[in-house]
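So that the names make sense, note that chain A is the first sequence line, chain B the second, and so on, each numbered from 1. Please read these numbers as outputs of a predicted model, since none were measured by experiment.
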Amino acid sequence: MPDRPVLITAHRIGSRRLIAATCPRAAALGLHPGLSVTEAQARHPGLAITEADPEADRHALLGLARWCLGLTPGVALTPVENGSNDACADGLWLDASGCAPLYAPDQPAAEDRLRRTLLARLARLGIAARAAIADTPGAAHALARHGAPGQTDPLPLPVAALRLDATTCDRLDRLGLSRIGDLATLPRAPLERRFGRNRLAAGRTVLLRLDQLLGRVREPLPWLPPPGRIAARLHVFDPLVTAEGLARAIDALATDIATRLRAAGEGALGLELRLERCDNTTQTRRLGLAAPNADAAHLAKLFTTRLDELDPGEGVETLCLTVCRRARRAAHQHAVLMADTSQEAHPDPICDLIDTLSHRPGLHALWRPRLRESDVPERAFQRLPAHMPIPASPARAWPRPTRLIDPPCPVQAIAELPDAAPAQFVWQGRRHRIRCADGPERIAGEWWQRDGERRAVRDYFRVEDTDGHRFWLFRRGDGQLCETGDLRWFLHGIF
Amino acid sequence: MPVAVSAPFDNAKPAAPPSQKLISSLETTPQNIDFIRKITLLSEDRAFCARRSASIDLLIFGIPVIDAHLGGGLSPCALHEFAARPGDSEHLACTTRLLVTLLAINRHLRGPVLWACSRADLYPPGLAIAGFDPARLIVAEMADAHIPAVMEEALRHRGLAAVIGETRRNPGLTLSRRLHLAAQTAGRPALLLRRFGTDDTPSAATTRWRIGPAVSPPPSDRLAALWLDPPRLHLDLIRCRGGMPASWTLTCHDDIPHPLSVAAPLADRPPAPRPATQFRRLA
């Protein structure tokens with residue numbers, strides 16, 4: 001298209017106005033980013049110059065990244081590390097682990113096929129892109145920018161592919177190290193002395209970049225959250241090892257999450273905290289909440305109370321708090337504004353309590369009873385999760401003990417007649433002589449529940465011993481038909 | 001230098017209490033200051049309790065004799081300790097019955113009740129018989145050592161009617177003091193149930209009770225032995241801050257408005273055991 005003008009974008013660095021990006025034709029004319037605009041204009045008068053808009057670029061790239069989420073589950077923006085502006089990104093990382101077979105099943109070059117599919121789709125959108133698939137993010141980054149199409153080995157690439165700044169590249173060039181392969185074969189100690197982590201700034205960490213490229217060091221990537229998902233992420237420069245540090249980081253994450261939840265009018269029902277440690281391991285803690293909650297202090301407390309169960313190891317460098325499940329929050333005014341502070345208006349305190357208790361160490365179970373329509377004592381109530389609303393229970397007429405011994409404890413009882421109340425029984429080595437008794441209350445088995453209960457019968461007696469203790473005893477069987485039970489006695493409850 | 005302390009005693013009489021006179025003659029040595037601070041804290045504590053009690057309904061038994069003995073009822077913002085009587089089983093059945101009856105009578109205690117325990121033998125249908133709605137119950141099962149901490153945590157949350165904890169041992173002076181303070185701040189009762197009543201280590205509970213079954217009236221004839229009278233409880237108030245120990249025998253009825261009554265002390269006693277000598281003489 002010869003009629004289109006040669007386009008460059010310009011930005012201002014200090015007092016100088018430099019080229020930020022060039023169109024392919026401008027690049028063919030020898031213009032490159034970093035050249036001053038005045039010089040470019042002197043060389044080629046009639047250039048079309050527009051101001052660079054990094055914010056819009058980033059926005060467009062984010063849009064592209066979200067589009068890429070349709071191809072692979074993990075997409076991250078690549079920051080420009082050798083450029084002047086750290087905030088702008090010029091590429092994308094796609095985590096294609098396990099995705100390739102979806103695009104080319106049973107083919108040996110599945111990954112290449114995926115790459116070409118991606119490029120073809122991008123070309124259809126009018127985007128000229130370069131892509132490379134490699135084992136590490138560093139290698140993929142290097143191959144996509146500096147490699148030939150289809151190249152898979154990053155070692156012959158120039159050292160600039162290591163995401164190093166121009167000064168370091170120059171320095172390496174002067175040492176005769178122009179290829180990544182040259183660097184990789186060198187002994188590490190002298191290299192570290194010259195370009196070590198501590199001697200020079202973080203951007204110049206040659207060894208770190210080399211290790212990341214070769215996969216010796218894992219590189220945490222800032223993965224984009226799926227759209228609509230509420231998640232907060234915190235990278236820390238100094239790995240966290242202390243409980244206080246972790247608690248502060250969790251507080252910060254919870255505040256972020258809670259603000260966004262409140263803005264959406266929602267509350268979290270399930271949370272996941274992921275800790276990425278320096279030693280390439282990840283710990284995950286998940287928890288659920290009784291009711292949708294968007295209180296930052298409460299959310300943070302649920303994690304910080306069990307902080308001692310986390311193992312920071314050599315240090316935690318990334319924390320990620322994600323809302324797995326959420327729901328709309330019931331709108332309620334703050335207690336300060338309410339004239340009457342009745343229980344009905346505030347269902348939240350109990351839910352807060354249930355959350356707090358259910359994440360306490362040492363808790364075995366947290367439940368609320370719901371009475372059921374069943375005469376078999378074991379089935380007369382059901383344990384429900386504590387956050388579920390329980391209807392008011394119907395009144396009962398038959399006497400029932402306050403404590404149930406479950407399963408029923410077999411006792412040695414002596415009764416005058418097979419179908420009469422016992423005269424005495426022995427429980428836990430103690431003999432209880434029975435003064436008076438009431439019964440039997442005959443409870444038949446629920447044949448619709450289990451086949452074994454078809455003929456089963458229990459005869460319950462309330463008995464009082466000579467000390468005044470009241471027990472709930474039953475005899476298995478009605479005393480007449482042997483298939484109803486074997487006439488053994490059991491203690492089932494204490495009044 | 002002499003110090004004068006005007007302690008805000010809740011039962012302040014026109015004349016200065018004797019302890020004030022004592023303090024005013026003390027020197028400001030570190031020990032004395034510590035003593036004065038303790039006295040002041042204690043009196044503030046009592047004044048706070050008094051203010052609370054004046055504004056909050058007391059926990060009543062519904063029996064004039066007992067309520068009058070307790071000065072109107074149990075304080076609803078305090079720790080109360082209930083234990084089984086020595087020789088009783090560790091299932092605390094009688095204590096449970098009395099507690100849920102109290103919770104049912106005191107309708108001003110609204111909302112759920114947290115029951116922290118280490119063994120799950122609580123039987124909600126039996127609690128319903130005593131007039132307590134099982135839908136109000138939240139049961140937290142946990143190891144015995146965690147129970148005082150969980151009770152304290154629960155007392156900090158609004159919306160609970162009462163917090164009940166069943167422990168095997170006495171939590172000790174420090175923990176019970178913490179529980180008492182938490183209950184005081186929260187304005188709702190903390191009720192501690194102890195499985196074994198034999199252990200008499202000190203506790204900061206405002207009242208300490210021992211509860212056990214009492215023998216019901218003897219059957220008058222053979223037919224009467226075939227049915228049961230309403231159950232009876234024996235209550236020992238063994239410690240009461242600002243009150244005297246006492247004992248009562250109660251009868252539990254199934255009717256909700258007045259489920260408790262004092263059993264007549266003289267009627268329906270078990271017959272006195274006959275001296276063995278009579279038998280010898282007969283022989």
| query | Got Met142(B) and Leu366(A) here, is their nearest side-chain heavy-atom distance under 4.5 Å? | reply | no
| task | Among Phe381(A), Phe461(A), Trp367(A), single out the residue with the greatest number of heavy-atom pairs under 4.5 Å to chain B. | result | Trp367(A)
| field | Which atoms of Asp467(A) approach chain B - backbone, side chain, both or neither, heavy atom under 4.5 Å | value | backbone
| field | Ala120(B), part contacting chain A, at a heavy-atom distance under 4.5 Å | value | both
| query | What are the two closest non-hydrogen atoms of Arg403(A) and Leu193(B), and how far apart are they? | reply | NH2-CD2, 4.2 Å
| field | Separation of His157(B) NE2 from Ile354(A) CD1 (nearest 0.5 Å) | value | 10.0 Å
| request: Sort out for me which of Ala143(B), Ala214(B), Cys252(B), Pro124(B) touches chain A most, counting heavy-atom pairs under 4.5 Å. | output: Pro124(B)
| message | Could you report the tightest heavy-atom contact between Ala149(B) and Arg360(A), atom names first, then the distance? | response | CB-NH2, 3.5 Å
| field | Interface residues of residues 487-495 of chain A facing chain B - heavy atom cut-off under 4.5 Å | value | Ile494(A), Phe495(A)
| request: Taking atom CZ of Arg431(A) as the centre, report whether more than 12 heavy atoms of other residues, nucleotides or ligands fall under 6.0 Å from it. | output: no
| field | Worked check of side chain to side chain contact (heavy atoms under 4.5 Å, CB included) between Glu141(B) and Arg383(A) | value | CA-CA 12 Å; Glu141(B) 292 170 24; Arg383(A) 291 179 167 92; 4.1 Å; yes
| note | d(Asp133(B) CG, Leu371(A) CG) to nearest 0.5 Å is 8.0 Å
| message | If I compare all heavy atoms of Ala380(A) with all of Tyr123(B), which pair ends up nearest, and what's the gap? | response | CB-OH, 3.5 Å
| request: Give me the contact list for residues 297-304 of chain A versus chain B, heavy atoms only, anything under 4.5 Å, ordered by residue number. | output: Lys301(A)
| query | Side chain, backbone, both or neither: which part of Leu114(B) has a non-hydrogen atom closer than 4.5 Å to chain A? | reply | side chain
| field | Winner by heavy-atom pair count (cut-off under 4.5 Å) against chain B, out of Pro399(A), Ala386(A), Ala421(A), Ala365(A) | value | Ala365(A)
| So what's closer than 4.5 Å to chain B heavy atoms on Thr466(A): side chain, backbone, both or neither? | backbone
| note | Value for NE2 (His364(A)) from CZ (Arg119(B)), rounded to nearest 0.5 Å, stands at 14.0 Å
| Side-chain heavy atoms of His91(B) within contact of Ile405(A), under 4.5 Å | yes
| note | When rounded to the nearest 0.5 Å, the distance separating CD1 of Ile138(B) from CD1 of Ile350(A) is 5.0 Å
| Enclosure of Arg442(A) CZ (heavy-atom neighbours >12, cutoff 6.0 Å) | yes
| Out of curiosity, Arg370(A) CZ to Leu137(B) CG, how far, rounded to the nearest 0.5 Å? | 15.0 Å
| request: Without swapping roles, check the side chain of Arg435(A) against the backbone of Ser216(B) for a donor-acceptor pair under 3.5 Å. | output: yes
| request: Flag yes if more than 12 heavy atoms outside Glu378(A) fall under 6.0 Å of its CD atom; otherwise flag no. | output: yes
| request: Give the C-alpha distance, both sets of side-chain angles, the deciding distance and a yes or no for side chain to side chain contact (heavy atoms under 4.5 Å, CB included) between Thr402(A) and Leu127(B). | output: CA-CA 6 Å; Thr402(A) 51; Leu127(B) 310 186; 4.2 Å; yes
| Between CH2 on residue Trp115(B) and CZ on residue Arg368(A), distance to nearest 0.5 Å | 15.0 Å
| request: Under the side chain to side chain contact (heavy atoms under 4.5 Å, CB included) rule, what do His146(B) and Leu363(A) come out as? Steps first, then yes or no, please. | output: CA-CA 8 Å; His146(B) 295 286; Leu363(A) 188 89; over 6 Å; no
